[in-house]
Amino acid sequence: WRQWGPAAMIAAAAPSDPRRGPFPAWIPDPSVERMQTPAAVVKGRVAPGLIVDPAPHLVEALLAAPGLSIVTLAPERPGAPAAVRRLADAGILVSIGHTAATAAEVRAATDAGARMVTHLFNAQRPLGHREPGVPGQALADQRLSVGLIADLHHVAAPIVAVVFRS
């Protein structure tokens with residue numbers, strides 16, 4: 001992950017269909033965030049030593065990989081707004097995830113071209129009544145679609161109901 005090499009390897013190894021080209025690949029961007037909370041470190045399954053900022057040369061390396069269609073990143077990381085814009089301009093679906101972003105940072109990423117939130121409520125800043133965080137901004141902004149792990153283990157049933165009603 002350190003040099004985005006695996007992204008290119010994953011995309012290159014994806015099965016292809018000669019009629020449609022490479023099979024679409026989704027890359028969970030290693031420019032995710034570690035957020036200290038009272039309960040846990042919010043980083044999902046990404047090891048801290050593998051977290052990198054989305055520098056322009058790394059974004060270009062990602063874009064060179066065949067079949068890439070979705071990238072998840074943390075919008076508060078240095079360089080993230082430009083990375084979101086570049087990826088979106090290249091036709092990549094940019095998703096917000098594994099993030100300590102505030103609602104304002106989510107809004108800025110959305111303004112730059114992000115259009116999705118990866119697994120709402122998981123590995124991200126929680127919903128708050130004064131700082132809506134990722135969930136509040138995602139549910140309020142019609143430009144964003146959300147992914148949700150609705151297995152009643154990752155997200156409780158009343159929250160699943162709130163998401164479906166929004």
Counting only pairs under 3.5 Å, give me each side-chain donor-acceptor contact of residues 154-163, with atom names and distances, residues two or more places apart or in other chains.
unit_1	atom_1	unit_2	atom_2	d
H154	ND1	D151	OD1	3.3
H154	ND1	D151	OD2	2.7

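- V94 is not connected to I96 by any chain of hydrophobic side-chain contacts under 4.5 Å among Ile, Leu, Val, Met, Phe, Trp and Tyr, and they are in different clusters.
- Here the closest heavy-atom approach between residue V59 and residue P54 is recorded as CG2-O, 3.8 Å.
- Taken to the nearest 0.5 Å, the CG atom of L144 stands 4.5 Å off from the CG atom of D141.
- Linking Ile, Leu, Val, Met, Phe, Trp and Tyr whenever their side-chain heavy atoms come within less than 4.5 Å leaves I149 and F164 in two separate clusters.
- By the 4.5 Å heavy-atom criterion applied to side chains, P56 and R86 are not counted as neighbours.
- Taking NE2 of H119 as the reference point, atom CD of Q124 lies at 7.5 Å (rounded to 0.5 Å).
- Atom CD1 of I70 is separated from atom CG of L93 by 5.0 Å, given to the nearest 0.5 angstrom.
- Counting only distance, with no hydrogens or angles, the side chain of R125 and the backbone of V134 share no donor-acceptor pair below 3.5 Å.
- Taking hydrophobic clusters as Ile, Leu, Val, Met, Phe, Trp and Tyr residues chained together by side-chain heavy-atom distances below 4.5 Å, L68 shares a cluster with L73.
- A distance-only check finds a donor-acceptor pair linking the side chain of S95 to the backbone of T118 [under 3.5 Å].
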Only distances under 3.5 Å count here; give the side-chain donor-acceptor pairs of residues 102-114 to other protein atoms, sequence neighbours excluded, each with its distance to 0.1 Å.
unit_1	atom_1	unit_2	atom_2	d
T102	OG1	A104	N	3.4
T102	OG1	E105	N	3.2
T102	OG1	E105	OE1	3.3
E105	OE1	T102	N	2.8
R107	NH1	Q137	OE1	3.2
T110	OG1	V106	O	2.8
D111	OD1	R143	NH1	2.8
D111	OD1	R143	NH2	3.0

Can you list the steps and then say if L139 with L120 is a side-chain contact (heavy atoms from CB on, under 4.5 Å)?
CA-CA 9 Å; L139 295 174; L120 191 65; 3.8 Å; yes
